[in-house]
2 protein chains.
Amino acid sequence: MPPTPRRSTILEVARLAGASKTSVSRYFGEERDRLSPSLQARIAHAAGTLGYQPNQMARGLKGGRSKLLGMLVADIRNPFSVAITHGVEQACRQYGYSLVVCNTDNDPEQERQHLDLLGAYQVEGLVVNASGSPERQLHTFISQGTPIVLLDREVDHVEAEVVGLDNHLAVDMALEHLADQGYQAVLYVSEAPQQSSTRQKRLARFNHTAGQLGLIHSSSLLANSDGTATLQELSDFLAAHQQHACAVLCGNGTATLTVTRLFQQLDLLLGKVGLMGIDELDWCALISPGITTLAQPTDAMGKTAVQCLMHRIAPHVSSMPAALSFSPTLIERGSTQR
Amino acid sequence: MPPTPRRSTILEVARLAGASKTSVSRYFGEERDRLSPSLQARIAHAAGTLGYQPNQMARGLKGGRSKLLGMLVADIRNPFSVAITHGVEQACRQYGYSLVVCNTDNDPEQERQHLDLLGAYQVEGLVVNASGSPERQLHTFISQGTPIVLLDREVDHVEAEVVGLDNHLAVDMALEHLADQGYQAVLYVSEAPQQSSTRQKRLARFNHTAGQLGLIHSSSLLANSDGTATLQELSDFLAAHQQHACAVLCGNGTATLTVTRLFQQLDLLLGKVGLMGIDELDWCALISPGITTLAQPTDAMGKTAVQCLMHRIAPHVSSMPAALSFSPTLIERGSTQR
DNA sequence: CTGAAAGCGCTTACAG
DNA sequence: CTGAAAGCGCTTACAG
């Protein structure tokens with residue numbers, strides 16, 4: 001067997017360039033300017049010849065800088081999460097960091113394991129879209145000086161910036177739109193709030209604002225993804241308020257998907273019964289006459305999260321973002337046109 | 001300022017346990033069994049007290065095992081990619097590996113950078129869903145003994161397993177279904193093949209099999225995402241074959257999304273003009289009367305890719321998967337019912 | 001069953 | 001402007 005070609009090391013580059021390891025290290029680090037042009041040229045040439053690339057593991061070990069950010073995502077198959085992840089990733093690149101994305105599938109046990117792991121890889125910062133309540137572990141990061149930013153969901157007893165939608169504003173905008181369009185009775189459909197502060201807030205705000213606007217209102221939690229329980233609740237709601245114009249407000253994209261299926265099962269006419277969802281999805285424009293949504297600025301949110309982290313890691317390269325709470329955009333379509 | 005609490009090290013655990021670093025290392029490595037029960041207990045206790053966790057950077061540096069797999073994804077916002085990534089991730093966890101996912105947004109330059117990076121982090125294996133033709137860099141990995149598996153797309157001159165759909169079978173199944181349903185003229189809509197071997201193969205097979213089946217056929221490449229050019233081509237196609245039953249076959253999910261929009265713009269009745277797509281999407285059942293698709297077994301594909309890698313990294317823990325080429329599942333809906 | 005020591009590939013005071 | 005040397009936290013022969 002031929003010997004496996006290995007990656008070349010700093011020592012080999014140094015030898016070939018007739019320089020010291022120190023100089024090569026400086027060349028690939030922040031101190032390239034300290035080297036004379038001729039030294040730089042020799043090193044560049046040697047490194048090019050050998051195809052040298054610094055070993056990040058070694059760098060991380062010695063310098064304490066892994067140049068890695070970690071991200072915990074509760075559900076990577078949710079389009080909203082994908083969009084945010086995309087934004088986070090872009091921003092990382094921009095700052096010269098790499099991102100390790102860990103999907104927890106909303107499972108606290110996977111979340112625990114992934115956090116251990118992120119710690120073991122010495123990530124310099126963490127974007128957390130929590131599944132459970134990983135207080136303990138997050139405190140470990142914080143006490144070691146690793147900055148954390150919470151995405152979309154708060155975590156009890158963890159003091160960290162929270163980047164996300166202005167949930168009160170979102171629900172208010174939705175309800176005001178529905179009221180403006182003449183709907184008088186609104187059913188709110190949401191996944192079970194569980195640990196999600198966002199789901200809790202939206203639900204609470206729904207009850208609050210719907211009351212204030214004088215709307216008849218009620219809510220239904222999605223038990224399983226086929227929404228059988230909600231099917232019943234929806235048809236009961238419509239039956240009970242036949243004399244009023246009824247609408248459904250969905251708490252997120254998953255709810256919108258399920259409810260759209262229910263509308264078809266019950267043969268409801270979109271608009272005649274209003275339908276509106278928080279989160280914009282690819283297909284909302286396609287279900288004729290279109291489903292009205294509240295779009296979240298996912299790219300901006302992802303970038304802001306990273307900016308928070310960078311501000312703490314390297315205050316000189318990034319200022320603290322001005323706002324952590326974002327306004328949604330109303331995308332009006334036929335489903336809220338009576 | 002209080003001193004920042006650091007992570008504890010192997011040395012601290014060793015001291016507290018009254019043991020050597022070697023023993024602590026063995027405890028956290030593969031050789032725990034070599035330690036006497038009492039030593040194990042002392043180490044376990046000490047580690048627990050200090051909240052010790054081995055530093056993976058250091059492990060990777062010395063042992064050469066980063067326990068990291070890398071994955072290059074051409075477009076993370078494509079639902080098909082997300083589904084595959086999910087499968088890959090699950091499989092990694094199962095083998096005790098972590099996954100660094102890099103999205104290239106179909107940009108060869110980003111692809112280049114990400115590959116450098118993955119190398120710098122010493123990934124032990126690589127799942128590559130290529131954007132461009134990163135031959136050179138992939139060869140570097142291969143020559144260093146890092147196994148590679150290609151996902152969905154081949155890369156010229158790179159010899160590696162290719163995990164993906166059986167594209168010939170898929171196109172044949174689609175065309176046979178359309179022919180069975182009585183469609184006589186079929187337009188194939190695809191994104192521009194560019195570097196994608198899959199897109200090339202599907203297109204070529206379309207022309208081949210459509211010809212064999214005696215179908216009138218033609219194809220249209222999506223230039224921009226709004227599909228203006230294709231809009232024209234579609235309506236021309238329909239006009240030219242008014243006396244025949246016409247259908248459109250979409251080469252992937254993106255094409256299906258665009259074409260569905262075009263159907264609405266042209267006010268075409270689904271089924272009257274047939275529509276079928278490769279890739280199953282959330283909303284295909286919702287566009288009434290439903291869009292017929294060919295679903296890919298994404299989880300199995302992701303798992304298989306990882307299994308290939310693991311077989312090369314650690315032949316004793318994983319056998320070579322039996323098949324690398326997968327059959328799609330036909331999901332019949334109203335859009336192919338005349 | 002256990003440990004002392006060398007060394008993985010880097011960075012960073014320190015010295016000149 | 002440049003380099004010799006110590007050391008980051010581990011693993012792994014080697015020895016007993």
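The chains referred to below are lettered A, B, ... by the order of the sequence lines, with proteins before strands, and numbering in each begins at 1. Everything numeric in this text was worked out from a predicted model, so none of it was measured.
You'll find that the side chain of L61(B) is closest to dG9(C), out of dA5(D), dG9(C), dC10(D). Listed nucleotides dC10(D), dG3(C), dA4(D) differ in distance to T9(B); the shortest reach to its side chain belongs to dC10(D).
Each of R65(A) and P37(B) has a nearest nucleotide on DNA chain C; the 5'-most of these lies closest to P37(B). Between Q53(B) and R34(B), the residue whose closest nucleotide on DNA chain D is further toward the 5' end is Q53(B). Positionally, the nearest nucleotide of DNA chain D for S20(A) lies more toward the 5' end than for the other of A58(A) and S20(A).
Under the 3.5 Å distance criterion, with hydrogens and angles disregarded, a donor-acceptor pair is assigned to the side chains of Q137(A) and D116(A).
Note: Y121(A) and Y121(B) fail the aromatic proximity criterion, with ring centroids not under 6.0 Å apart.
In this entry the distance linking CD of E31(B) with C1' of dA13(D) reads 11 Å, nearest Å. The interatomic distance linking D33(B) (CG) with dT2(C) (P) rounds to 12 Å, in whole Å. The distance from atom CD of Q56(A) to atom C1' of dT11(C) is 12 Å, rounded to the nearest whole Å. Rounded to whole Å, the distance from NZ on K62(B) to P on dG9(D) is 16 Å. If you measure from atom CD1 of I10(A) to atom P of dA4(D), you get 13 Å, rounded to the nearest angstrom. Regarding K21(A), its NZ atom lies at a distance of 10 Å from the P atom of dT11(C), rounded to whole Å. Here dC8(C) presents its C1' atom at 12 Å from CE of M57(A), a figure rounded to the nearest Å. The nearest whole Å value for the distance from the CZ atom in R32(B) to the P atom in dC1(C) is 15 Å.
Salt-bridge check for R65(A) with E30(A): failed, with every basic side-chain N at 4.0 Å or more from each acidic carboxylate O. Taking 4.0 Å as the cut-off between side-chain N and carboxylate O, R15(B) and E12(B) do not count as a salt-bridged pair.
Residue contacts for F28(A): at a heavy-atom cut-off of 4.0 Å it reaches no nucleic acid atom on any strand shown. Residue-level contact check: S25(B) touches the bases, meaning some heavy atom is under 4.0 Å from a base atom. Across all strands, S36(B) comes closer than 4.0 Å only to sugar-phosphate atoms, never to a base (heavy-atom distances). Note on R59(B): only backbone sugar-phosphate atoms sit closer than 4.0 angstrom, heavy atoms only; bases stay farther off. Counting any heavy atom pair closer than 4.0 Å across all strands shown, Y27(A) reaches no nucleic acid atom. No contact: L11(B) has no heavy atom under 4.0 Å from any strand.
Close to dG3(C), at under 4.0 Å from its OP1 or OP2, lies a side-chain N or O of S23(B).
One can find a donor-acceptor pair under 3.5 Å joining the base of dG3(D) and the side-chain atoms of R26(A).
In this structure, G70(A) and L99(A) approach most closely via the heavy-atom pair C-CD1, 4.1 Å.
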